[in-house]
Q: 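Please find one structure pasted underneath; my questions will follow.
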Amino acid sequence: MSTIQALRGTKDILPTDIGYWQHLEATAQQILGQAAFREIRTPMFEQTDLFARGIGEATDVVGKEMYTFSDRGDRSITLRPEGTAGAVRSFIENKLYGTGGIQRLWYSGPMFRYERPQAGRQRQFHQIGAEVFGSADPRADVEAIAVAVNLLSALGLKSLKLALNSVGDREDRQRYREKLVAYLTPYKDELDPDSKDRLTRNPLRILDTKVERTQEICVDAPSIVDALSPDSAERFERVQQGLAALGIDYTLDNRLVRGLDYYTHTAFEIQSDDLGAQATVCGGGRYDGLVSELGGPETSAVGWAMGMERLILLLQEIQPLSEPSVDFYVVSRGNQAEIQALSVAQILRQAGYSVEVDLSGSAFGKQFKRGDRAGAKACAILGDAEADNNTVQIKWLKSGEQTEISQSNLLETAKSFDGNKFKS
RNA sequence: GCGGGCGUAGCCAAGUGGUUAAGGCAGUGGAUUGUGGUUCCACCAUUCGCGGGUUCGAGUCCCGUCGUUCGCCCCA
């Protein structure tokens with residue numbers, strides 16, 4: 001077989017599904033716009049260094065999941081695996097901090113990670129993300145989370161769970177890391193191989209394990225919340241108060257650790273029970289060190305990203321897409337009539353209707369049948385007789401009522417068609 | 001990167017070593033040569049993702065490969 005197929009982990013979004021995407025995008029634009037977030041569009045590829053420095057060399061995303069290649073100028077290029085690094089780069093490069101105050105940005109678009117595809121996970125996938133730059137106030141965390149929650153509920157998604165944690169600042173995390181390693185080291189030989197490996201690389205992630213024995217060991221492990229400095233703890237408290245004040249339910253999960261290095265303080269995930277293993281629909285948190293890390297001024301920031309494919313899987317479960325339908329279906333037969341059919345269609349479109357022209361040239365009966373299938377409210381009919389008289393028959397499919405209209409009056413007449421006739 | 005399931009027409013599928021590859025939807029043509037939503041009739045896979053092997057014989061068994069799906073890892 002020599003036909004070319006879409007690459008593994010990529011998917012065409014076909015007309016049958018596009019309605020979900022358009023709905024999702026329109027809703028995001030509306031909800032984020034209402035919250036004073038402005039859209040930003042950054043390139044889909046960047047210097048590899050941006051991601052290596054931003055996301056962290058030791059992370060899986062950077063270590064084994066990036067699409068990295070040399071371009072013709074021998075630059076190391078990477079297809080963006082996530083949106084935050086690019087947004088931060090743009091924030092710095094365009095000196096968006098110079099406009100003073102707080103920048104609220106959002107984006108959506110394709111991201112690329114070389115992973116094994118499974119439900120809700122592809123190699124090219126799409127995210128909607130939001131970032132708030134320039135505020136260290138816990139209210140910024142609350143606002144960011146609230147916008148995410150608003151978007152999900154505007155989409156009609158129910159029974160989602162918000163999990164919340166604080167990973168503290170750099171010092172807190174370092175202190176906790178030492179405590180955790182000290183606790184786990186005696187159990188070293190009982191840990192599963194992955195966790196054993198993480199003991200030196202990324203011990204916090206061990207808490208997230210699914211291996212039963214490792215979980216048992218972790219039950220009595222020190223909690224990160226207990227390792228927070230008084231300031232960090234106070235800050236976390238205020239985030240929780242803010243959420244409570246907005247009536248946003250959450251559960252504390254002190255094993256929640258985000259996989260990208262840049263997170264500090266608040267970390268959160270929004271999960272669904274209906275997605276199998278890829279349950280996280282939105283993930284985010286605070287990343288106060290990232291802007292300066294990438295060469296910008298010391299800038300606090302908080303943000304999140306949602307997986308659009310996962311959202312659409314959920315949308316498909318709650319509401320089937322309505323079949324697209326057309327107002328008029330133009331039926332014609334004979335050379336003159338077939339030509340006139342095109343101009344009749346144009347006139348009806350000018351009058352504001354959606355119109356599909358039958359191009360098959362088959363018998364009237366077949367054309368009507370297709371008109372029906374297309375969900376048309378009415379057929380515009382042109383045969384030899386109509387072509388000779390410059391008229392057109394309009395037949396309302398529901399009632400069967402049919403009237404003849406002169407083509408020269410069609411625009412005026414069409415503008416005043418009875419709205420009732422369009423209700424199905 | 002690792003492990004399990006699956007791969008028959010545009011779609012949903014039956015078929016588990018014997019040979020004429022069920023059926024349904026959709027499509028095309030006709031009954032109805034200018035009028036639909038119903039009905040009836042006919043047509044619609046030299047071939048079962050691809051390549052190889054076992055066998056007198058393979059869609060059915062084996063190996064490889066590609067794809068897909070579920071899980072691990074990781075993440076949205």
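Every chain is numbered from 1, with letters handed out A, B, ... down the list of sequences.
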Q: Mind calculating the distance between CZ (A:R123) and P (B:U68) to the nearest angstrom?
A: 8 Å
Q: Choose from B:G34, B:U69, B:G29 the nucleotide whose nearest atom is closest to any side-chain atom of A:K11.
A: B:U69
Q: Return the pairing partner of B:U20 with a 3.5 Å limit on both distances, Watson-Crick or G-U wobble; otherwise return none.
A: none
Q: Classify the side chain of A:Q367 versus the base of B:U35 as yes if they form a donor-acceptor pair under 3.5 Å and no if they do not.
A: no
Q: Should A:R373 be listed as having a side-chain N or O under 4.0 Å from OP1 or OP2 of B:A26?
A: yes
Q: Any salt bridge linking A:R104 with A:E143? Criterion: basic side-chain nitrogen under 4.0 Å from a carboxylate oxygen.
A: yes
Q: Confirm from the modelled atom types if A:Q402 and B:G36 form a donor-acceptor pair under 3.5 Å, side chain to base only.
A: no
Q: What interatomic distance, in whole Å, is found between C1' of B:C41 and the corresponding atom of B:G64?
A: 48 Å
Q: Taking CG from A:D60 and P from B:C75, how many angstroms apart are they, rounded to a whole number?
A: 6 Å
Q: Counting any heavy atom closer than 4.0 Å, what does A:D372 reach on the DNA or RNA strands: base, sugar-phosphate only, or nothing?
A: base
Q: Taking N and O atoms by type only, does the side chain of A:K369 place a donor or acceptor under 3.5 Å from a partner on the base of B:G37?
A: no
Q: Could you check A:L382 against A:M308 and say which one's nearest nucleotide on RNA chain B is further toward the 5' end?
A: A:L382
Q: Please state how far atom CE in A:M66 lies from atom C1' in B:G1, giving the value in whole angstrom units.
A: 17 Å
Q: For the C1' atoms, the ones on B:A21 and on B:A13, what distance do you get once it is rounded to whole angstrom?
A: 13 Å
Q: Rounding to an integer number of Å, can you tell me how far A:K64 NZ sits from B:C72 C1'?
A: 10 Å
Q: B:A26 pairs with which nucleotide, Watson-Crick or G-U wobble, both distances below 3.5 Å?
A: none
Q: Which nucleotide, B:G1, B:C73, B:C75, lies nearest any side-chain atom of A:Y114?
A: B:G1
Q: Hey, is the side chain of A:R8 pairing donor to acceptor with the base of B:C66 inside 3.5 Å?
A: no
Q: Applying the 5.5 Å / 30° rule, does A:F368 stack onto the base of B:U35?
A: yes
Q: Reckon A:G129 touches a base, only the sugar-phosphate, or nothing at all at heavy-atom distances under 4.0 Å?
A: nothing
Q: Using only heavy-atom distances, decide whether a donor-acceptor pair under 3.5 angstrom links the side-chain of A:R205 to the base of B:C75.
A: no
Q: At 4.0 Å (heavy atoms only), tell me whether A:A363 reaches a base, stays on the sugar-phosphate, or touches nothing.
A: nothing
Q: Quick one: sort the A:F69 and A:F45 rings into parallel, tilted or perpendicular, breaks at 30° and 60°.
A: perpendicular
Q: So that I can tick it off, tell me whether A:D249 and A:K161 are bridged by a salt bridge, with the cut-off set at under 4.0 angstrom between side-chain N and carboxylate O.
A: no
Q: Write down the distance between CD (A:Q122) and P (B:C70), rounded to a whole number of angstrom.
A: 11 Å
Q: Mind checking the C1' distance from B:G51 to B:G7? Whole angstroms is fine.
A: 15 Å
Q: Take atom CG of A:D208 and atom P of B:C75, then tell me their distance rounded to the nearest Å.
A: 8 Å
Q: Between B:G59 and B:A45, how far apart are the C1' atoms? Round to whole Å, please.
A: 12 Å
Q: Say we look at B:C44 and B:A9: how far apart would their C1' atoms be, to the nearest angstrom?
A: 9 Å
Q: With respect to the side chain of A:K366, which nucleotide from B:G34, B:G36, B:G29 is positioned closest?
A: B:G29
Q: Should we say atom CZ of A:R370 is surrounded by more than 12 heavy atoms from elsewhere, each under 6.0 Å from it?
A: yes
Q: Measure CD/A:E115 against P/B:C74 and give the value in whole Å, please.
A: 11 Å
Q: Nearest to the side chain of A:Q118, heavy atoms from C-beta on, is which of B:G34, B:C75, B:C70?
A: B:C70
Q: Is the cationic atom of A:R123 (NZ for Lys, CZ for Arg) positioned less than 6.0 Å from the six-membered ring centroid of A:Y114 and within 45 degrees of its normal?
A: yes
Q: Less than 4.0 Å between a side-chain N and a carboxylate O, is that true for A:D141 and A:R235?
A: yes
Q: Taking the nucleotide of RNA chain B with the nearest heavy atom to each, does A:I381 or A:E309 sit closer to the 5' end?
A: A:I381
Q: Report which part of the nucleic acid A:G334 touches: base, sugar-phosphate, or nothing (heavy-atom distance under 4.0 Å, all strands).
A: nothing
Q: Under a 3.5 Å cut-off for both contacts, is B:G51 paired Watson-Crick or G-U wobble with anything, and if yes, with which nucleotide?
A: B:C63
Q: Over all strands shown, is A:Q271 touching base, sugar-phosphate only, or nothing at heavy-atom distances under 4.0 angstrom?
A: nothing
Q: Considering only the P atoms, how many Å lie between B:U68 and B:G15, rounded to the nearest integer?
A: 26 Å
Q: Please tell me if A:R121 has a side-chain N or O lying less than 4.0 Å from either OP1 or OP2 of B:C75.
A: no
Q: Has A:R116 got a side-chain N or O lying under 4.0 Å from the OP1 or OP2 atom of B:G4?
A: no
Q: If you only use heavy atoms from C-beta on, which nucleotide in B:U69, B:U35, B:U28 is closest to the side chain of A:Q393?
A: B:U35
Q: Quantified in whole Å, what is the P atom distance between nucleotide B:C62 and nucleotide B:G18?
A: 16 Å
Q: Return the nucleotide paired to B:U68: Watson-Crick means purine N1 to pyrimidine N3 with N6-O4 or O6-N4, wobble means G-U with N1-O2 and O6-N3, both under 3.5 Å.
A: B:G5
Q: Examine A:F328 together with A:F417 and report whether their ring centres are nearer than 6.0 Å.
A: yes
Q: Whole-Å distance between B:A76 P and A:L314 CG?
A: 16 Å
Q: According to the interplanar angle, ranging from 0 to 90°, do the rings of A:F133 and A:F91 count as parallel (below 30°), tilted (30 to 60°) or perpendicular (above 60°)?
A: parallel
Q: Evaluate whether atom CZ of A:R213 has more than 12 neighbouring non-hydrogen atoms of other residues, nucleotides or ligands under 6.0 angstrom away.
A: yes
Q: Would you measure the distance from the P atom in B:C40 across to the matching atom in B:U47 and give it in whole Å?
A: 32 Å
Q: Using Watson-Crick or G-U wobble geometry with both distances below 3.5 Å, tell me the partner of B:U46, or none.
A: none
